[in-house]
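For clarity, every value in this text was computed on a predicted model and none was experimentally measured. Chain identifiers are assigned alphabetically (A, B, ...) following the order of the sequence lines, protein sequences preceding nucleic acid strands; residue numbering begins at 1 within each chain.
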Amino acid sequence: MKNDFRTIEKKWQSRWEAEQIFRAADPGEPGSEKPKFYALVEFPYPSGAGMHVGHIKAYSSLEVISRKRRMQGYNVLFPMGFDAFGLPTENYAIKTGMHPRAVTDKNIAKFTSQLKQVGFALDWSRVVDTTETDYYKWTQWIFLKMFEHGLVFRDTALVNYCPNCKVVLSNEDSQGGKCDVCHSDIIQKSKDVWYLRITEYADKLLKGLDEVDYPGNIKQQQINWIGRSEGAFVNFGLKDTEEKLRIYTTRPDTLFGVTFMVMAPEHPLIDKYSARIANMAAVEDYRRECAKKTEFDRTQMNKDKTGLKLEGLSAINPLTGRKIPVYIADYVMMGYGTGAIMAVPAHDQRDWEFAKKFGIEIIEVIKGGDIEKEAYAGDGEMVNSGFLNGFTNKKDSIRRAIEELEKLGAGEGGVQYKMKDWAFNRQRYWGEPIPIIHCPRCGMVPVPYEELPLCLPEMKEFAPGTGGESPLARVPEFVNCKCPRCGGEAKRETDTMPQWAGSSWYFLRYTDPHNDECLADPEKLKYWLPVDWYNGGMEHVTRHMIYSRFWHKFLYDIGAVPTDEPYAKRTAQGLILGPDGEKMSKSRGNVVDPLDVVNEFGADVLRTYVLFMGDYGSAAPWSQSSVRGCSRFIERFAALDGMIGKPQDKLVRSLHKTVKKVTEDIESMKFNTAIAAMMSFINEVYDAGSIDKDSLSALTRALCPFAPHICEEMWERIGGKGLCSVAPWPEYDEALTVDDEKEIAVQVCGRLRGTLLIPAGSEEDAVWEMIASKPEFAPFLEGKTVIKKIYVKDRLFNVVVK
RNA sequence: GCCGGAAUGGCGGAAUUGGCAGACGCCCCGGACUUAAAAUCCGGUGAGGUUAACCCCUCGUGCCGGUUCAAGCCCGGCUUCCGGCACCA
């Protein structure tokens, strides 16, 4: 037959929908006795542009895996939803005057129709939309639970602020000093910020990595993100005061090498002792200078150190009693450690550069480098260090130093994280309202649980206020309320949550998307969790995944979910680049629209191509002519119904090998070689001229996860029972996957001198006899002494001669 | 700077984890079919040498060296590219 995909694909998509074959069975329902398989893909942000080929690649992997698992008898949950809060929708709404709700609905409808056109085997009865009140009710519920457990706090802070989006961004959203959404330069602004105390979970997030199946690089990225370091807090005395200047260091054993201290310009002790600081005017100037720089600028200026000595203030080394000068410099950040450091210029390059510039003494305490040239950060024998002299092992000397500090009451061992608490508010309309009420008498009061959801008020204008305040602040009916605690007049918080909120728990809601009593029925959570396999992009490995692991671990701690880790296994797809090998982007004009491919070649071809184009985890450029190659493959398959004939032993064996390869390769995400194996098999069928019906039946089912429409059509033509998508996965006979004859390589002294057909499993002596009797090998062996024979069964025979 | 990963034909990529490098697909070339083209089918296709032809030989997985009967794969030293983090004390 011809692959008349325009008719065929519609036909089978409506059959699947009518028969609801992709619906997952909840516990207690028929089908739930099968082993469960929960396959999760990152739900899309429904942009107006519709789906991108990247979406297709991201979803196709688990689409194929879960289709196969379904055919193998699993109860599969493969759901889809929409992460629909966020700036692009809101900006579009502001520009066009449409309500964000209407924009969202339109975009979701578009995505839904496109996903269906590609034929993804999704359970459409479980669609989740983060912007629906039924959903964000529970996002708010989780926030309140966190509030209740002290994981939410508010602080005034210098924040990353995007002047273009008029919104406060987390560190994660403003990397490299650019806004993640619009790429404008970030400025620093003082704001009231809501924080989630994610640092409280830093250790749990780190430890949990031991029990999950993520690729090493993903684990490593999360480990780096959390950035745990072990060291010590040391309290330096401040001369002529009772004050302690507290610092954090990873090398407390270098205390004897401390020649100055550095505080961050914002350090509070500077204000406290401003009266003692003789050059306070200059200090203020320096501080103003620093405040002008963004954090990005500060961290970029890693060449030239700036700073200033605090005249009149000095610190006392707790181990030596020595007087040490104190500086301020912007290479020390208020946001890490204690905002102050002990500087050991001999063994820290930054301190070294600073010391050189300001003419400060450099004392070597670890032997092994040339501290005149640069700081030495390596290992070596401790010198000039009192009781630490002679230590050569870093671990021992650190332990000994901490011991001494603790004995003196001058410090203690401690741990620091690079990860910071999560700035959790945005001054925007299209997000979940933060369910908190500010009462002049009671302070911050949570909205009572029974009043959830706290819905967004209806508005016509969504632009943020000029002072960067949330548009919700302009709705008096929303803002003014009664305090739930004292009944007095109070005001609602008007900030909304960041886009990461809704995506931090959506996979839980899929298990029970319509529940009105709790975020999901505990029975259903218990049945479905954890997610067995989660696939998505590398770009979400640190933020989204760490956030959602944090929320999940919190929910586990309060007994709301049954597992402490949400995702048992995580994989990531590689990017699809444009045909020019560059990242696809509108400005480059190299974007490929997946729907164009569906219209020209059909969904089966699109699906097959994105998985065939290369190693699934690596980036690969789009190639339109390779799409044609896949189209040819599908056509060649479609024509097999006209080639049915008698079984041929060689072909049957090939079929079994092919089925084995496809079965194994799908599970290890080697989709390209699985497809290649089926292509080879079809080439063999064309060579042989015919294929038997059983083999065609097996091939059809093996190809079905990749190209389900044409396979359904083929299945019907060859009289398959029911729908191919739920037919049993083809079995293979292990005995038929091995040949009874093998062609082995024959080498003399490691050089290939020919091949030899031998009965499979032949022993060394028998093979040697065959080689010795073959005239074609004689010239290489004549007159030589055999020193060594190496035989790798069914593969290779190497004769070493002299 | 630090942490990951990669480098294989004209191109995307295979290679049972130390055992015939280049599967499969694209591109290109030739043939069949066709009035013709497209489509389709069949064949060829790493480089060089040799041969009338079949054969055959040599070289070849970023670079230099090593281990081994045998290295794309292991070890040591580089180069380049990609991703992440980055004045983190």
Side-chain angles (χ1 to χ4, degrees), chain A residues 175-176 215-225 227-229 231 247-251 254 262 264 298-305 329-333 335-344 348-351 353-354 377 416-420 538-539 541-542 574-575 577 581 608-609 612-615 617-630 632-633 635-636 639 661 664 670 672-683 686-687 743-756 776 787-801:
Chain A
Q175 287 183 19
N217 58 332
I218 291 182
K219 282 192 187 181
Q220 198 55 50
Q221 274 194 39
Q222 295 203 1
I223 290 167
N224 292 346
W225 190 265
R228 183 190 151 99
S229 88
I247 61 96
Y248 175 74
T249 176
T250 52
R251 291 303 300 265
T254 59
V262 187
R298 259 175 87 168
T299 55
Q300 279 308 296
M301 296 187 65
N302 52 358
K303 281 175 199 124
D304 202 20
K305 297 272 176 294
D330 67 356
Y331 81 89
V332 173
M333 308 289 150
Y336 183 77
T338 63
I341 61 158
M342 63 178 215
V344 185
D348 181 290
Q349 189 58 27
R350 294 155 299 168
D351 298 347
E353 284 165 21
F354 194 85
Q416 279 293 299
Y417 301 94
K418 288 187 201 172
M419 186 169 70
K420 292 177 185 160
M538 278 312 285
E539 69 276 19
V541 154
T542 42
L575 279 182
L577 306 172
T608 307
Y609 174 64
F612 180 66
M613 62 194 299
D615 172 51
S618 312
W622 186 269
S623 156
Q624 196 63 21
S625 45
S626 288
V627 175
R628 298 198 50 81
C630 287
R632 248 171 241 150
F633 163 62
E635 288 292 349
R636 279 163 75 84
K661 177 116 184 97
E664 290 169 355
K670 288 156 81 176
N672 53 342
T673 50
I675 294 165
M678 290 187 279
M679 286 175 168
S680 295
F681 176 72
I682 288 176
N683 290 346
Y686 274 68
D687 286 345
E743 193 186 47
I744 65 161
V746 179
Q747 297 181 339
V748 180
C749 294
R751 288 189 173 279
L752 183 69
R753 294 301 181 193
T755 58
L756 183 68
E776 65 252 44
I787 306 171
K788 202 172 176 184
K789 290 182 292 218
I790 296 122
Y791 176 53
V792 183
K793 201 173 232 179
D794 293 345
R795 289 219 154 268
L796 165 147
F797 199 107
N798 187 11
V799 197
V800 186
V801 296

Rounded distance in Å between the [atom1] positions of [N] and [M]:
N: B/rG77; M: B/rA23; atom1: P; result: 35 Å
N: B/rC26; M: B/rG46; atom1: P; result: 16 Å
N: B/rA53; M: B/rC63; atom1: C1'; result: 41 Å
N: B/rG1; M: B/rA14; atom1: P; result: 31 Å
N: B/rC42; M: B/rC33; atom1: P; result: 15 Å
N: B/rG4; M: B/rA39; atom1: C1'; result: 48 Å
N: B/rG49; M: B/rC41; atom1: C1'; result: 35 Å

Legend entry - Letter per nucleotide, 5' to 3', of nucleotides 6-11 of chain B [B base touched, S only sugar-phosphate touched, - untouched; heavy atoms, 4.0 Å]: ------
Among residues at least two apart in sequence or on other chains, which ones pass salt bridge (Lys or Arg N to Asp or Glu O under 4.0 Å) with [X]?
X: A/K661; answer: A/D665
X: A/R636; answer: none
X: A/K793; answer: A/E763
X: A/R753; answer: none

Per [X] side chain, nearest of listed nucleotides [options]:
X: A/R751; options: B/rA89, B/rC59, B/rC26; result: B/rC59
X: A/A676; options: B/rA14, B/rC24, B/rG12; result: B/rC24
X: A/Y248; options: B/rG13, B/rC20, B/rA89; result: B/rA89
X: A/R753; options: B/rA23, B/rC20, B/rU58; result: B/rU58
X: A/Q747; options: B/rC20, B/rG25, B/rA23; result: B/rC20
X: A/S625; options: B/rA89, B/rC27, B/rC69; result: B/rC27
X: A/T250; options: B/rC87, B/rA14, B/rA89; result: B/rA89
X: A/Y331; options: B/rC87, B/rG19, B/rC24; result: B/rC87

Inset, instruction - Check every strand shown and say whether A/V800 touches a base, only sugar-phosphate, or nothing at a heavy-atom separation below 4.0 Å. - result: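 Sugar-phosphate: the residue A/V800, judged by heavy atoms under 4.0 Å, touches backbone atoms but no base.
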Legend entry - Touch class at under 4.0 angstrom, heavy-atom based, for A/A619 against every strand present: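 Sugar-phosphate, backbone atoms only, no base.
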Using the test ring-ring contact (aromatic ring centres under 6.0 Å, His included), find all partners of [X] that sit at least two apart in sequence or belong to another chain.
X: A/Y248; answer: A/F233
X: A/F354; answer: A/F260, A/Y327, A/Y331, A/F358
X: A/Y609; answer: A/W622

Legend entry - Chi-angle category of B/rG48 [syn within 90° of 0, anti beyond]: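 Base orientation relative to the sugar is anti.
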Inset, instruction - Applying side-chain contact (heavy atoms from CB on, under 4.5 Å), name anything that partners A/A340, two or more places apart in sequence or on another chain. - result: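 For A/A340, the residues satisfying side-chain contact (heavy atoms from CB on, under 4.5 Å) (neighbours in sequence not counted) are A/L245, A/I247, A/M263, A/H267, A/T338.
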Legend entry - By side-chain contact (heavy atoms from CB on, under 4.5 Å) - contacts of A/R628 (at least two apart):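 For A/R628, the residues satisfying side-chain contact (heavy atoms from CB on, under 4.5 Å) (neighbours in sequence not counted) are A/F601, A/R632.
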Legend entry - Presence of donor-acceptor pair under 3.5 Å, side chain of A/N224 and base of B/rC85: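 Not at all, since no donor on one side and acceptor on the other fall under 3.5 Å apart.
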Legend entry - Base B/rC87 paired with A/K305 side chain (donor-acceptor, <3.5 Å):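 Counting by modelled atom types and ignoring angles, a donor-acceptor contact under 3.5 Å is found here.
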Legend entry - N or O in side chain of A/K670 less than 4.0 angstrom from B/rA15 OP1/OP2: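 Affirmative; the distance criterion is met.
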Inset, instruction - Using only side-chain N and O atoms of A/R350, determine if any of them is under 4.0 Å from OP1 or OP2 of B/rC88. - result: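 Looking at the OP1 and OP2 atoms of B/rC88, one of them is under 4.0 Å from a side-chain N or O of A/R350.
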Inset, instruction - Would you write the dot-bracket representation of RNA chain B, where each base gets (, ), [, ], | or . depending on whether it forms a Watson-Crick or G-U pair under 3.5 Å and with which partner? - result: (((((((..(((......[....))).(((((.......))))).((((......))))..(((((..]....))))))))))))....
Mind listing the N/O atom pairs, protein and nucleotides 41-47 of chain B, below 3.5 Å?
| from | atom 1 | to | atom 2 | distance (Å) |
| --- | --- | --- | --- | --- |
| B/rC41 | OP1 | A/R636 | NH1 | 2.7 |

